Novice: 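The structure under discussion is supplied below as structure tokens; questions concerning it will follow.
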Amino acid sequence: PYQAHVSAAKAGVDALSAVLAVEEGPHGVRSNVIAPGPISGTEGMDRLSANDKSFEQYEKSIPVQRMGSKDDIANAAVFLFSDAASFISGTVIVVDGASEHIRTTQLPYPQSVLDPKSVASLFRPKL
């Protein structure tokens, strides 16, 4: 919920990367995307993990049983820049401990989505 803007932006980046891989490939340019999952110590996870108990439950729901680290993302980047990835182009590398394959909501669903009237008083009408 409330991620339409992020989803649209990410889809745009993925599509742009794929087009660049095709158009610039003949010039020796490779284009890939790293899609991070739950990475500890980032602003996004800090905002989502205000409640330590739900954070611990969330961490246990990740198939590899831990949060990702900034080093995990850096390692993916090092791999993509290495000769080992010289034939990889136009792809999205998901670095999320297999979280995307769970396909469930690990965090509580926002009450504002379930019952919009419950938060109506928080918004001022515009004239």
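Model, not experiment: these values are computed from the prediction.
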Novice: Could you tell me the separation between the CD atom of Q3 and the NZ atom of K10, rounded to the nearest 0.5 Å?
Specialist: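 Here the rounded value is 7.5 Å.
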Novice: Has E24 got a side-chain atom pairing as donor or acceptor with V29's backbone, closer than 3.5 angstrom?
Specialist: no
Novice: Is the shortest side-chain heavy-atom distance between I102 and S61 below 4.5 Å?
Specialist: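 Of all side-chain heavy-atom pairs linking S61 with I102, none is under 4.5 Å.
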Novice: Who are the salt bridge (charged side-chain N to carboxylate O under 4.0 Å, His left out) partners of D96, not counting sequence neighbours?
Specialist: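 So D96 forms no salt bridge (charged side-chain N to carboxylate O under 4.0 Å, His left out) with any residue.
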Novice: How long is the straight-line distance from CG of L16 back to OG of S31, given to the nearest 0.5 Å?
Specialist: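 So the gap between those two atoms works out to 6.5 Å.
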Novice: Does any non-hydrogen side-chain atom of I34 lie less than 4.5 Å from one of I73?
Specialist: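 A side-chain contact exists here, since the closest heavy-atom pair is under 4.5 Å.
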Novice: To the nearest 0.5 angstrom, please state how far the CZ atom of R30 sits from the OG atom of S17.
Specialist: 11.0 Å
Novice: Kindly indicate whether the side chain of I88, heavy atoms from C-beta on, has any atom under 4.5 Å from the side chain of L80.
Specialist: yes
Novice: Between the main-chain N or O of I39 and the side-chain N or O of K70, is there a donor-acceptor pair closer than 3.5 Å?
Specialist: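 No, the answer is negative, given that no donor and acceptor are paired below the 3.5 Å cut-off.
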Novice: Is atom CZ of F81 surrounded by more than 12 heavy atoms (other residues, nucleotides or ligands) closer than 6.0 Å?
Specialist: no
Novice: Quick one about D72 and S69 (side-chain donor to acceptor, distance below 3.5 Å, no hydrogens or angles considered), yes or no?
Specialist: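 Present: a donor and an acceptor within the cut-off.
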Novice: Atom OG of S40 and atom CD of E59: how far apart are they, to the nearest 0.5 Å?
Specialist: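 Output value for this atom pair is 8.0 Å.
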Novice: In Å, rounded to the nearest 0.5 Å, how long is the span from CD1 of I93 to CZ of F79?
Specialist: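 Going from CD1 on I93 over to CZ on F79, the span is 5.5 Å.
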Novice: Does I62 belong to the same Ile/Leu/Val/Met/Phe/Trp/Tyr cluster as V95, with side-chain heavy atoms less than 4.5 Å apart forming each link?
Specialist: no
Novice: Indicate yes or no for a side-chain donor-acceptor contact from N32 to the backbone of G90 under 3.5 Å, with no hydrogens or angles considered.
Specialist: yes
